[in-house]
Amino acid sequence: MKKYLSGLFASAGKKLPYLNGIEINIDVPKIESHGDLSVNVAMLLTKVLKKNPREIALEIIESFEIDEDIIEKVEVAGPGFINFTFTSQFVSKIISEIINKVDRFGQSDKYSGKRAIVEFVSANPTGPLTVGHGRNAVIGDTVSNMLEWIGYEVDREFYFNDAGRQMRMLGDSVKQRYLQAVGDEIEFPEDYYQGQYIVEIAQCLKDEFGDSLREEDPEGEFKAKAQDVIFTDIKQTLNNIKINMKNFYNEKSLYDDGRIDDVIAKLKEKKLAYESEGATWFKLTELGMDQDKVIIKSSGEPTYRLPDIAYHITKYERGYDLLVDVFGSDHHATYPDVLAGLQALGFDKERVKVLLYQFVTILKDGEVVKMSTRKANYITMDELVDEVGSDVVRYFFIMRNMSSHLNFDIDLAKKQSDENPVFYLQYAHARICSMLNLTKDESMEYSLDHLELLVAPSEKNLCKKLHKFEEEVLFSAENFEPHRIANYLEEIAALFHRFYAECRIIGTEKSLAEARIALVIATRIVIKNGLSILGLSAPERM
RNA sequence: GCGCCAGUAGCUCAGCAGGAUAGAGCAACGGUCUUCUAAACCGUAGGUCAGAGGUUCGAAUCCUCUCUGGCGUACCA
């Protein structure tokens, strides 16, 4: 519908030159009597033309060559809006397109040929994935899906660090538990990883090696075993919520490849790194930032900035056009350093898109749950998925704007009832499948020959919303706003349920019934496609 | 102190590519199944869009300030 209007204004521009070169905003009015689409261009032109906006609007309307099969009515309203009402015939045509494209409907090829890498989760393997990681995981995977829908070839990647302090602590923790397991009476330090999984890993080592590891370095067999067990578990957890990473990128390889040294050398070459107080500093003040930061500590260990820069360079080198990073809001102060580094080394930082999401507050029994991996005070993703299922978990994490704090109410998520919004969408899909089974039993088929019979308000409203799917997917993907898809689907489902309440198929005159079946099939396709973008199942019965 | 995010109905949140009378779900109240799934639909009630200025023909939406909450502001990641 919007495309048609854009064309209409483009050709009107030939007669009214002032229409050329200005952007035509096409809006959906909130009030039904204001038509299907509305344009405010006349009001924007008052200043330039020094004329009353309603006069301008009238002049524009007169210049249109209207096809009456498409546009039913054009009128000037309010302070100078131009309101368009489309014919039912035109509006319902979308059904043919949807039924034609099926699971490709909503996809676009705007970015085809482009490659994107989405880095997400990226948790160090010190413990199981918790509900705290959930929002990151679901945002990353859903954004990846959306990018695929607009043409990108997307690789999902998990970046991790198996060196460093946290992992050292992990090895120490396992060793302590092991010593306890082989009978040593020692006290387990309070600041070590407290989780039960550490005890289990230690038990495994005891079963395998007996007490022969008493003198083993914590960073040897202990750390290796822990990392192995925990990573296997993390992969399984991701799999449980339908996430498949293409790569797990180990920070360590950046050292082995000499990439870390390379970055240092290049920064020094550009006079952007210097030594002071035993450490190596990154001269961020040179790049317009507030203060210089340490990139290599006096201990000789780099800070996160250095490997992060080196890692991102590999992404450019691997040929990605778009580099998406999904981070919690606690990273907001750190990534600009990395971007500045990339830019200084000649990489286009505009290709990096950092998605920052706000933290999740977990509510259980009406209370806030404070989580910490080290203190073993957490709810794991697996526990949650076992209780409520992958669909509910994914939906809860994606249904809100990522820039807003999210309350995750575990008790609400557990309810298999109408209080749980994900069922609203799935129920619409299941209801449709059930209807279609029934019409099939009655030997009724869909037909695209009489779609113009779909004139009831609930039919027209549903069709109008179906028109917007492709645009919605494109806009959501380009703006990295996955929650919009969830909102859109809730609207489609609501319109469908209303249609269901008002319009019947069985017992209706044949050609209208056939048109309605077509509408229902089209709706099913859109709901199913939308659910698939969100990584949710589309159940055929509930 | 400085920076980022947020503040919209009792609760959880949409809306924020400036538009006409601010929405949904839940919770409350009332109605709708002898015919396609009542996990649904219809209706009632509920608001100083945190507050104050400003820009504009027009502001929940953009700008400034204030207040409140979250997160940062490391030789942790």
Side-chain angles (χ1 to χ4, degrees), chain A residues 23 25-27 29-31 33-34 38-40 43-44 46-47 52-53 77-81 83 122-124 161 164-166 251 276-281 290-291 293-305 307-308 327-334 336 356-359 361 363 399-409 412 415-428 430-439 441-442 444 458 475 478-479 483-484 486-487 490-491 493-494 496-508 513 516-517 520 541-542:
Chain A
E23 203 182 329
N25 297 318
I26 302 172
D27 270 319
K30 277 178 243 167
I31 295 159
S33 63
H34 291 159
S38 173
V39 172
N40 66 351
M43 278 130 76
L44 300 176
T46 47
K47 269 208 177 142
N52 178 314
F81 293 99
N83 292 339
S122 294
N124 286 340
N161 179 13
R165 210 189 58 182
Q166 286 177 45
E251 180 180 320
S276 173
E277 302 164 46
T280 306
W281 295 70
D290 287 345
Q291 47 181 322
K293 297 277 173 66
V294 169
I295 42 174
I296 301 178
K297 298 185 243 174
S298 48
S299 67
E301 270 182 307
T303 63
Y304 69 91
R305 294 179 187 90
D308 261 24
F327 293 144
S329 65
D330 55 338
H331 283 66
H332 86 263
T334 69
L356 285 182
Y357 60 90
Q358 297 298 312
F359 280 159
T361 305
L363 294 171
M399 68 180 174
R400 304 303 185 202
N401 193 329
M402 70 178 89
S403 67
S404 295
H405 296 275
L406 173 71
N407 277 348
F408 193 115
D409 185 335
L412 175 60
K415 283 189 186 165
Q416 303 276 319
S417 76
D418 53 1
E419 285 177 57
N420 195 328
V422 63
F423 295 122
Y424 187 75
L425 310 182
Q426 295 185 320
Y427 180 65
R431 209 177 202 187
I432 288 172
C433 291
S434 157
M435 288 168 77
L436 292 175
N437 282 335
L438 201 74
T439 52
D441 292 345
E442 304 275 324
M444 299 169 75
S458 62
F475 187 84
E478 285 182 327
N479 291 283
H483 73 284
R484 298 180 64 105
N487 293 146
E490 286 187 25
E491 287 168 12
F496 167 73
H497 286 309
R498 185 168 304 172
F499 158 80
Y500 178 88
E502 279 179 23
C503 301
R504 298 188 56 79
I505 291 176
I506 290 166
T508 300
R516 282 180 176 166
I517 295 174
V520 166
R541 65 189 52 174
M542 288 171 71

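Naming: A, B, ... by sequence-line order, numbering from 1 per chain.
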Determine whether any donor atom in the side chain of Ser298(A) lies under 3.5 Å from an acceptor atom in the base of C75(B), or the reverse, and answer yes or no. yes
Report which part of the nucleic acid Arg400(A) touches: base, sugar-phosphate, or nothing (heavy-atom distance under 4.0 Å, all strands). base
Of the non-hydrogen atoms in Ser329(A) and Gln358(A), which two are nearest, and what is the gap between them? CB-NE2, 3.6 Å
For a quick check, tell me whether the side chain of Asp27(A) and the base of A17(B) share a donor-acceptor pair closer than 3.5 Å. no
Roughly how far apart, to the nearest Å, are C33(B) and C42(B) at atom P? 15 Å
When you get a sec, tell me which of A39(B), A77(B), A17(B) is the closest nucleotide to the side chain of Phe423(A)? A39(B)
For the side chain of Ser403(A), starting at C-beta, report the closest nucleotide among G15(B), C75(B), A6(B). A6(B)
Okay, side chain of Asn401(A), backbone of Ser403(A): is any donor-acceptor separation there less than 3.5 Å? yes
Tell me every residue that passes ring pair (Phe, Tyr, Trp, His ring centres under 6.0 Å) with Tyr424(A), counting only those two or more places apart in sequence or in another chain. His497(A)
Look at the side-chain N and O atoms of Tyr500(A) and state whether any lies under 4.0 Å from the OP1 or OP2 oxygen of U35(B). no
In whole Å, measure the gap between the C1' atoms of U64(B) and C26(B) for me. 37 Å
Answer with base, sugar-phosphate or nothing: what part of the nucleic acid does Asp441(A) contact at a heavy-atom distance below 4.0 Å? nothing
U35(B), C75(B), C76(B): which one has an atom nearest the side-chain heavy atoms of Arg165(A)? C76(B)
Name the nucleic acid region contacted by Ala428(A), choosing base, sugar-phosphate or nothing; use a 4.0 angstrom heavy-atom cut-off, strictly under. nothing
So if I define the base as every atom that isn't primed, P, OP1 or OP2, how would nucleotides 57-63 of chain B read as a B/S/- string at a heavy-atom cutoff under 4.0 Å? B------
Can you measure from CG (Asn40(A)) to CG (Asn83(A)) and round to the nearest 0.5 angstrom? 10.5 Å
How would you label the contact of Ser38(A) with the nucleic acid (heavy atoms, under 4.0 Å): base, sugar-phosphate, or nothing? base
For nucleotides 66-74 of chain B, give me one character per nucleotide, 5' to 3': B if any protein heavy atom sits under 4.0 Å from the base, S if the only such contacts are to the sugar-phosphate, - if neither. ---BBBS--
Between CZ of Arg504(A) and CZ of Phe499(A), what distance do you get to the nearest 0.5 Å? 10.5 Å
Set of residues satisfying ring pair (Phe, Tyr, Trp, His ring centres under 6.0 Å) with respect to Phe327(A), sequence neighbours excluded: His331(A)
So what does Phe475(A) hit on the nucleic acid, given a heavy-atom distance under 4.0 Å: a base, only sugar-phosphate, or nothing? base
A cation-pi test, strictly: NZ or CZ of Arg431(A) under 6.0 Å from the centre of the six-membered ring of Tyr500(A) and no more than 45 degrees from its axis. Yes or no? yes
Phosphate-side-chain proximity, Arg431(A) and A38(B), N/O vs OP1/OP2 below 4.0 Å: yes
Syn or anti for C62(B), please, going by whether the chi angle lies within 90° of 0. anti
For His34(A) and Trp281(A), take the nucleotide of RNA chain B holding the closest heavy atom to each; which residue's nucleotide lies nearer the 5' end? His34(A)
Reckon Ser404(A) touches a base, only the sugar-phosphate, or nothing at all at heavy-atom distances under 4.0 Å? sugar-phosphate
Gap in Å between the two P atoms, one belonging to A22(B) and one to A27(B), rounded: 26 Å
C1' atoms of G31(B) and A45(B), separation to the nearest Å: 15 Å
Glu251(A) CD to Tyr304(A) OH distance, which is reported to the nearest 0.5 Å: 12.5 Å
If you round to the nearest 0.5 Å, how far is CZ of Phe423(A) from CE of Met542(A)? 5.5 Å
Give each stem of RNA chain B as a range with a range, requiring at least 3 consecutive Watson-Crick or G-U wobble pairs whose two distances are under 3.5 Å. B:1-7 with B:67-73, B:10-13 with B:23-26, B:28-32 with B:40-44, B:50-54 with B:62-66
Measure the NE2-CZ distance between His34(A) and Phe81(A) for me, rounded to the nearest 0.5 Å. 8.0 Å
Measuring only the C1' atom in each nucleotide, how far is C4(B) from G46(B)? A whole number of Å is fine. 34 Å
With sequence neighbours excluded, residues passing salt bridge (Lys or Arg N to Asp or Glu O under 4.0 Å) with Arg516(A): Glu459(A)
Say you draw a straight line from CG of Leu406(A) to CE of Met399(A); how long is it, rounded to the nearest 0.5 Å? 6.5 Å
At 4.0 Å (heavy atoms only), tell me whether Asp308(A) reaches a base, stays on the sugar-phosphate, or touches nothing. nothing
Distance between C1' atoms of G54(B) and C71(B) (Å, rounded): 30 Å
Euclidean distance for C1', G23(B) against C16(B) (whole angstrom): 13 Å
What integer number of Å spans the P atoms of C11(B) and C5(B)? 25 Å
For Ile505(A) and Ala513(A), work out which heavy atoms get closest and say how close. O-CB, 3.7 Å
Given C16(B), A20(B), C36(B), identify the nucleotide with an atom nearest to the side chain of Arg484(A). C16(B)
Reckon Glu277(A) touches a base, only the sugar-phosphate, or nothing at all at heavy-atom distances under 4.0 Å? base
If you look at every strand shown and take non-hydrogen atoms under 4.0 Å, does Ile505(A) touch a base, only sugar-phosphate, or nothing? base
Is a side-chain donor or acceptor of Thr303(A) paired with a backbone partner of Val294(A) at a separation under 3.5 angstrom? yes
Sugar-phosphate, base or nothing in reach of Leu406(A), heavy atoms under 4.0 Å: sugar-phosphate
Testing G15(B), A20(B), U12(B) for proximity to the side chain of Ile31(A), the answer is A20(B)
Between Thr439(A) and Pro302(A), who's closer to the 5' end of RNA chain B by nearest nucleotide? Thr439(A)
Using a cut-off of 4.0 Å on non-hydrogen atoms, how would the nucleic acid contact of Cys433(A) be classed: base, sugar-phosphate, or nothing? nothing
Please answer whether A20(B) and Phe81(A) are stacked, defined here as ring centres separated by less than 5.5 Å and planes angled under 30°. yes
